[in-house]
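Quick notes on the structure that follows.
Convention: sequence-line order gives letters A, B, ...; per-chain numbering from 1.
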Amino acid sequence: KNEVEQSPQNLTAQEGEFITINCSYSVGISALHWLQQHPGGGIVSLFMLSSGKKKHGRLIATINIQEKHSSLHITASHPRDSAVYICAVRESGGGADGLTFGKGTHLIIQP
Amino acid sequence: DAGITQSPRHKVTETGTPVTLRCHQTENHRYMYWYRQDPGHGLRLIHYSYGVKDTDKGEVSDGYSVSRSKTEDFLLTLESATSSQTSVYFCAISVGQGNTEAFFGQGTRLTVV
């Protein structure tokens, strides 16, 4: 079973700061997801990665398959970025049997 | 949201009563999942389905059963609800090549009193 670790667990920053959230996993994967969950809200997939780097607006996600590590970066952070960010992986050859999730990073951006 | 609807969105029930949560999808996806989300644990897989009448257990399946008689509906049943099943329940689907894309429903907040 894959062990997915996220750091930090909690992060408070000022508006405009550059944010980095890290995720490491223990077993080879076919895909890694970064998810966003606002308080009381649903879960939205921000990125799905199997290699390299993806960018969407102010969000950047990278993955290093050899090191079993991924990072989510937020540039020019804004209070609306305040949310829980969750890393989730699908194991290689895992077929239909779901995702394994990290416990999430609770991000607060103060104005 | 890939057309995923969960119902009900909120429910309070008494210990020992049966409860059924429904996940409905509109796009004929094959793979569907039920997860529960609890503080300190993150999301954990309860059951999943890989087709009509094809289901399997996940990490935390004790006390839960599922059914999928139609492609579009995946039902989660708590036969006799307990306080430990108070949680937020999310339905999800996986799509795309290698089933790598994931979409989630809005969640059902269940409180067992």
Give a yes or no on whether Val88(B) and Phe104(B) share a hydrophobic cluster (residues Ile, Leu, Val, Met, Phe, Trp, Tyr; joining criterion: side-chain heavy atoms under 4.5 Å apart).
-> yes
Single-linkage hydrophobic cluster Leu35(A)~Ile21(A), side-chain heavy atoms < 4.5 angstrom | no
So if you build clusters from Ile, Leu, Val, Met, Phe, Trp, Tyr with side-chain heavy-atom gaps below 4.5 Å, do Phe47(A) and Ile86(A) land together?
-> no
Indicate if Val4(A) and Val60(B) have the same hydrophobic cluster label, given that clusters are the connected sets of ILVMFWY residues with side-chain heavy-atom separations under 4.5 angstrom.
-> no
Apply side chain to side chain contact (heavy atoms under 4.5 Å, CB included) to Val44(A) and Phe103(B), showing your working.
-> CA-CA 7 Å; Val44(A) 175; Phe103(B) 297 95; over 6 Å; no
Would you mind checking which part of Leu32(A) comes under 4.5 Å of any heavy atom in chain B, side chain (CB onward), backbone (N, CA, C, O), both or neither?
-> neither
What is the minimum heavy-atom distance between Ser45(A) and Ala102(B), and which atoms define it?
-> CB-O, 3.8 Å
From OG (Ser94(B)) to NE2 (His33(A)), nearest 0.5 Å = 8.5 Å
So what's closer than 4.5 Å to chain B heavy atoms on Gln37(A): side chain, backbone, both or neither?
-> side chain
In terms of heavy-atom pairs under 4.5 Å, which option from Glu59(B), Arg30(B), Arg44(B) contacts chain A the most?
-> Glu59(B)
Is the side chain of Tyr35(B) donor-acceptor paired with the backbone N or O of Leu99(A) at a distance under 3.5 Å, no angle test?
-> yes
Backbone of His41(B) reached by a side-chain donor or acceptor of Lys103(A) within 3.5 Å = no
Most heavy-atom pairs under 4.5 angstrom with chain A, which of Gly40(B), Ala92(B), Pro39(B)?
-> Gly40(B)
Inspect the surroundings of CZ in Arg109(B) and state if more than 12 heavy atoms from other residues, nucleotides or ligands are less than 6.0 Å away.
-> no
Which answer fits Gln6(B), side chain, backbone, both or neither, if we ask what part of it has an atom under 4.5 Å from a heavy atom of chain A?
-> neither
Over 12 foreign heavy atoms within 6.0 Å of NZ, Lys54(A) | yes
What are the two closest heavy atoms between Gly42(A) and Gln106(B), and how far apart are they?
-> CA-OE1, 3.9 Å
Counting only heavy atoms not in Gln14(A), do more than 12 fall under 6.0 Å of its CD?
-> yes
Do you reckon Tyr50(B) sits in the same ILVMFWY cluster as Leu45(B), going by side-chain contacts under 4.5 Å, direct or chained?
-> yes
Looking only at non-hydrogen atoms, find the nearest pair between Phe101(A) and Leu43(B) and report the distance.
-> CD1-O, 3.4 Å
